[in-house]
Amino acid sequence: MGSRVLFCLCFLFILSTLSPSSFSLADGDSGLVMNFYKDSCPQAEEIITEQVKLLYKRHKNTAFSWLRNIFHDCAVQSCDASLLLDSTRRTLSEKEADKSFGMRNFRYIEDIKAAVERECPGVVSCADILVLSGRDGIVALGGPYIPLKTGRRDGRKSRVDLLDEYLPEHNDSISSVLEKFQAIGIDTPGVVALLGAHSVGRTHCVKLVDRLYPEVDPRLNPDHVPHMLKKCPDQIPNPKAVQYVRNDRGTPMKLDNNYYRNILDNKGLMLVDHQLAHDKRTKPYVKKMAKSQDYFFQEFSRAITILSENNPLTGTKGEVRRQCNLANKHHD
């Protein structure tokens with residue numbers, strides 16, 4: 001009897017010393033927790049939020065960038081801020097690869113990092129800054145506030161060689177798009193919701209001229225074609241030229257469900273938008289999101305959460321970069 005009591009007391013003592021993250025790992029979770037920096041840098045999330053608001057006030061397009069960063073970083077094997085690394089003599093940066101065409105505003109991530117570093121040097125990872133700035137960018141665009149866990153650490157190398165494997169292309173089949181996202185745990189309604197990010201920002205003519213030249217895609221809404229042709233007058237556009245079409249002419253700066261109404265009306269700019277509205281696997285969800293913004297936000301929030309927790313580096317893995325564009329070994 002005495003030995004049983006002693007065992008129970010020892011077991012309770014062990015439980016009392018375990019951190020929340022210990023339970024998460026035991027349950028097979030990502031190892032991330034809510035408010036990871038509550039003791040080491042209590043002001044971290046507030047600083048990030050304030051910086052995002054300040055930058056958005058000065059440069060409205062930063063919010064699109066914060067949102068897009070989550071897709072391009074977290075979908076490629078690990079949510080570890082590898083996207084932010086500069087090219088080296090040996091390795092091309094992910095942000096300079098063709099798959100990252102049109103991405104920008106990376107320098108402002110450094111502004112956020114610098115503000116956090118002034119408060120808590122060497123504590124908050126660039127991976128968490130990338131994810132939290134994306135969360136706050138979504139709010140700036142009128143989208144939902146999504147509580148996201150933290151505790152990620154930064155990778156040390158570019159994953160440029162994996163971009164084609166993990167990132168869908170604008171003219172991929174819907175089957176390919178579904179497969180790539182389902183591989184990281186995002187189901188069909190989640191994929192439909194993630195593509196709702198096409199409700200904001202703009203698309204460069206490089207990515208949609210195949211639907212205009214040499215012949216106009218007959219599936220495009222004829223009322224929408226003149227505007228597209230006006231914005232994209234060249235069959236072979238200059239990638240460096242400012243030639244683009246707003247993804248949503250009605251509410252171009254707002255993350256909303258207008259995207260789904262547009263693609264059901266054949267006003268989607270890219271081939272993947274058209275397929276999303278007409279494929280039998282995705283169309284029911286498109287129609288449901290077109291009718292209900294609440295449903296869109298619900299599924300969008302769920303998908304972003306899954307994406308943000310994709311295979312992060314935690315614990316002693318990786319590092320906390322001093323500059324987001326350089327691994328520490330290159331910073332020293």
Side-chain angles (χ1 to χ4, degrees), residues 30-32 64-107 109-110 113 125-131 133-134 151-186 190-191 194-195 197-198 203-204 206-207 210 239-240 270-272 303-304 306-332:
S30 62
L32 305 175
F64 311 143
S65 301
W66 308 147
L67 174 54
R68 196 175 175 193
N69 285 346
I70 294 183
F71 295 112
H72 280 255
D73 186 65
C74 296
V76 184
Q77 198 172 64
S78 175
C79 204
D80 67 348
S82 60
L83 171 69
L84 304 178
L85 290 170
D86 287 345
S87 293
T88 66
R89 285 176 293 179
R90 296 181 179 179
T91 310
L92 179 69
S93 167
E94 291 174 39
K95 60 190 175 185
E96 293 180 22
D98 290 343
K99 282 276 188 173
S100 301
F101 176 77
M103 295 190 72
R104 53 187 174 162
N105 293 323
F106 294 110
R107 66 187 183 277
I109 287 281
E110 298 297 340
K113 173 67 169 173
S125 70
C126 296
D128 278 339
I129 289 172
L130 181 149
V131 166
S133 62
R152 298 165 192 79
R153 286 168 65 87
D154 301 321
R156 296 187 177 98
K157 63 180 182 178
S158 165
R159 300 181 189 273
V160 70
D161 55 325
L162 299 175
L163 297 188
D164 288 338
E165 179 182 350
Y166 287 95
L167 289 180
E169 189 53 86
H170 65 280
N171 56 0
D172 279 353
S173 69
I174 198 67
S175 293
S176 176
V177 174
L178 289 173
E179 286 170 9
K180 286 179 177 178
F181 280 112
Q182 285 168 356
I184 58 175
I186 299 175
V191 174
L194 283 179
L195 287 176
H198 289 177
T203 297
H204 198 284
V206 165
K207 293 195 172 184
D210 287 347
K240 296 182 179 181
M270 295 181 285
L271 188 58
V272 69
I304 287 288
I306 294 170
L307 189 60
S308 73
E309 296 179 11
N310 181 34
N311 193 30
L313 303 178
T314 57
T316 59
K317 296 178 182 177
E319 64 185 16
V320 175
R321 290 182 212 145
R322 290 190 280 282
Q323 270 182 240
C324 290
N325 63 324
L326 296 172
N328 288 343
K329 62 182 179 181
H330 296 299
H331 186 279
D332 294 332

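As the structure is a prediction and not an experimental result, all values here were calculated from the model.
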Mark yes or no for whether [X], through its side chain, and [Y], through its backbone, hold a donor-acceptor pair below 3.5 Å.
X	Y	value
Asn328	Arg322	yes
Thr314	Gly151	no
Arg153	Gly315	yes
Ser158	Leu92	yes
Asn310	Cys79	no
Asp154	Arg321	yes
Asp73	Ala81	yes
Asp172	Glu169	yes

Heavy-atom pair with the smallest gap, counting every atom of [X] and [Y]:
X	Y	value
Phe181	Pro168	CE1-CG, 3.7 Å
Ser93	Val160	O-CG2, 4.0 Å
Ala303	Gly190	CB-O, 3.6 Å
Asp164	Lys180	O-NZ, 3.2 Å
Cys74	Val131	SG-CG2, 4.1 Å
Ser87	Glu96	OG-OE1, 3.2 Å

Beyond-backbone contact of Leu307 with Ile184, side-chain heavy atoms, under 4.5 angstrom: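 In short, these two side chains touch, coming nearer than 4.5 Å.
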Can you check whether Leu67 reaches Phe71 side chain to side chain, under 4.5 Å on heavy atoms?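 SC-SC contact between Leu67 and Phe71 confirmed.
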What do the steps show when you test Asn325 against Lys95 for side chain to side chain contact (heavy atoms under 4.5 Å, CB included), and what is the final call? CA-CA 10 Å; Asn325 63 324; Lys95 60 190 175 185; 4.1 Å; yes
Evaluate Gln77 against Ser82 for side chain to side chain contact (heavy atoms under 4.5 Å, CB included), listing each step before the verdict. CA-CA 10 Å; Gln77 198 172 64; Ser82 60; over 6 Å; no
Atom pair [atom1]/[atom2] of [X] and [Y] - distance to nearest 0.5 Å:
X	Y	atom1	atom2	value
Asn69	Asn105	CG	CG	8.5 Å
His170	His198	NE2	NE2	10.5 Å
Ser78	Tyr166	OG	OH	10.0 Å
Glu179	Ser173	CD	OG	7.0 Å
Glu110	Cys126	CD	SG	6.5 Å
Ile186	Leu194	CD1	CG	5.0 Å

With side chain to side chain contact (heavy atoms under 4.5 Å, CB included) as the criterion, how do Gln323 and Lys113 come out once you've worked through the C-alpha distance, each side chain's angles and the decisive distance to 0.1 Å? CA-CA 7 Å; Gln323 270 182 240; Lys113 173 67 169 173; over 6 Å; no
Please test Thr91 against Lys157 for side chain to side chain contact (heavy atoms under 4.5 Å, CB included), starting from the C-alpha separation and ending with a verdict. CA-CA 8 Å; Thr91 310; Lys157 63 180 182 178; over 6 Å; no
Qualifying residues under side-chain contact (heavy atoms from CB on, under 4.5 Å), relative to His72, sequence neighbours excluded: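 Here the qualifying residues are Arg68, Leu83, Ser100, Met103, Leu167.
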Hey, are Asp80 and Lys317 close enough for a salt bridge, meaning a charged N less than 4.0 Å from a carboxylate O?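 Lys317 and Asp80: not salt-bridged.
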